Amino acid sequence: MSEMKETEAKRPIMPDAGADNRPLVELTHVEKHYGDLHVLKDINLTVRKGEVLVIVGPSGSGKSTMCRTINRLETIDSGDIRIDGKPLPQEGKELAKLRAEVGMVFQSFNLFANKTILENVTLAPIKVRHMDKKAAEDLAMDLLGRVGVASQASKMPSQLSGGQQQRVAIARALAMQPKVMLFDEPTSALDPEMVNEVLDVMVELAHEGMTMLCVTHEMGFARKVADKVVFMADGQILEQSTPDDFFEHPKTDRAKDFLSKILTH
Ligand SMILES: Nc1ncnc2c1ncn2[C@@H]1O[C@H](COP(=O)(O)OP(=O)(O)O)[C@@H](O)[C@H]1O
Ligand SMILES: [Mg+2]
């Protein structure tokens, strides 16, 4: 029995990384309105196992809304979303299970303010995955070590810098051993000197084979690790291409305009 727990705690983050390249996230003809506002227009997107997609586009183009539909924090009007081949359940246990497969890291760190760093990371594995406390703590310490904040485990979130808190948020998401990680502008709320410590963790994850969907304005990150850059504007996906193609040869005027604005300062 104690042997089993040992194995459980040392389970790698991605148990079957690199085994195949099946689609893990598939959006087909997804439509969404907020009242009169048509916020997602015929969105078709596939993220395959091990792929890193970077989503860019002007503010208000629907990037966050799209991310939120993927673990059903937002409903859609029509179309289809599948995670690892399974349609998104409407509610209940099945939905909770699916959410556990999609890790999400937002712009704001969203740690539980009244729990220690360690408790923040062990909470969901214990509650949702029914991991025993010791195994969850071993896993949490391993993950906190990977993101470089193991020494902060017994502190409260407010005692950590923004960059440290965001790295804890990443460890917390990884503790559920998700199949896919979604990042929605994870460095936008950080002081500039803390951006790289968070991006470094994301680069490492990408290199380890994690499947990732990242909304970010960090173009250096996009160039370094993205398999595909997805450009959104006005609720539509206007371009999907390799980083080199996107940055060197944007096809649409919207993308050219967007790039000229972000790359010229
Ligand atoms: N809960 C909401 N209710 C109404 N409108 C919303 C809501 N959330 C976002 N929007 C609007 O939807 C559009 C897309 O927003 P969002 O997905 O946040 O874009 P992005 O992340 O690309 O900046 C914006 O015009 C925004 O104001
Ligand atoms: Mg957004």
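Whatever order the structure lists ligands and atoms in, that order sets their numbers, starting from 1. All values below come from the heavy atoms of this structure, side chains included, with hydrogens, waters and symmetry mates left out. Not measured: the values here are computed from a predicted model.
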Q. Does the side chain of Thr28 pick up a donor-acceptor pair with the side chain of Asn44 at under 3.5 Å?
A.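 Their side chains do not contain a donor-acceptor pair, so the 3.5 Å distance test is not met.
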(Q) Pairing donors with acceptors under 3.5 angstrom, does anything connect the side chains of Glu239 and Thr252? (A)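 Indeed, the side chains of Glu239 and Thr252 share at least one donor-acceptor pair under 3.5 Å.
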Which residue and heavy atom of the protein sit nearest [atom], plus the separation:
{"atom": "atom 22 (O) of ligand 1", "value": "Lys63 NZ, 2.8 Å"}
{"atom": "atom 23 (O) of ligand 1", "value": "Gly60 N, 2.7 Å"}
{"atom": "atom 9 (C) of ligand 1", "value": "Tyr34 CE1, 3.5 Å"}

Given [options], identify the one with the heavy atom nearest to [atom].
{"atom": "atom 18 (O) of ligand 1", "options": "Ser64, Gly235, Gly62", "result": "Ser64"}
{"atom": "atom 26 (C) of ligand 1", "options": "Asp234, Thr69, Leu37", "result": "Leu37"}
{"atom": "atom 15 (O) of ligand 1", "options": "Ile55, Asp36, Leu40, Thr65", "result": "Thr65"}
{"atom": "atom 14 (C) of ligand 1", "options": "Val39, Val56, Asp184", "result": "Val39"}

Q) Relative to Phe246, does Arg223 satisfy both conditions: NZ or CZ under 6.0 angstrom from the six-membered ring centre, and within 45 degrees of the ring's axis? A)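 No, a cation-pi geometry is absent between Arg223 and Phe246.
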Q: Look up atom CG in Leu27 and atom CD1 in Ile76, then write down how far apart they are to the nearest 0.5 Å.
A: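 Leu27 atom CG to Ile76 atom CD1 measures 7.0 Å (nearest 0.5 Å).
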(Q) Return the OG1 to NZ distance between Thr69 and Lys32, rounded to the nearest 0.5 Å. (A)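 That separation rounds to 8.0 Å.
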Q.
Restricting to N/O/S atoms, is Thr65 within less than 2.8 Å of the Mg ion (ligand 2) or not?
A.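 No, since none of the N, O or S atoms of Thr65 sits under 2.8 Å from the Mg ion (ligand 2).
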Q. What is the minimum heavy-atom distance between Met219 and Ile262, and which atoms define it?
A.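 Distance-wise, the nearest heavy atoms are CE-CD1, 3.3 Å.
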Q) Relative to each other, are the rings of Phe231 and Phe258 parallel, tilted or perpendicular (30° and 60° limits)? A)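 Tilted, since the angle between the ring planes falls between 30° and 60°.
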Q: Number the atoms of ligand 1 from 1 as they appear, then name those within less than 4.0 Å of a heavy atom of Ser59, with their elements.
A: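 Answer, ordered by atom number: 23 (O).
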Q.
Quick check on Ser61 - does any of its heavy atoms sit under 4.0 Å from an atom of ligand 1?
A.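 Yes.
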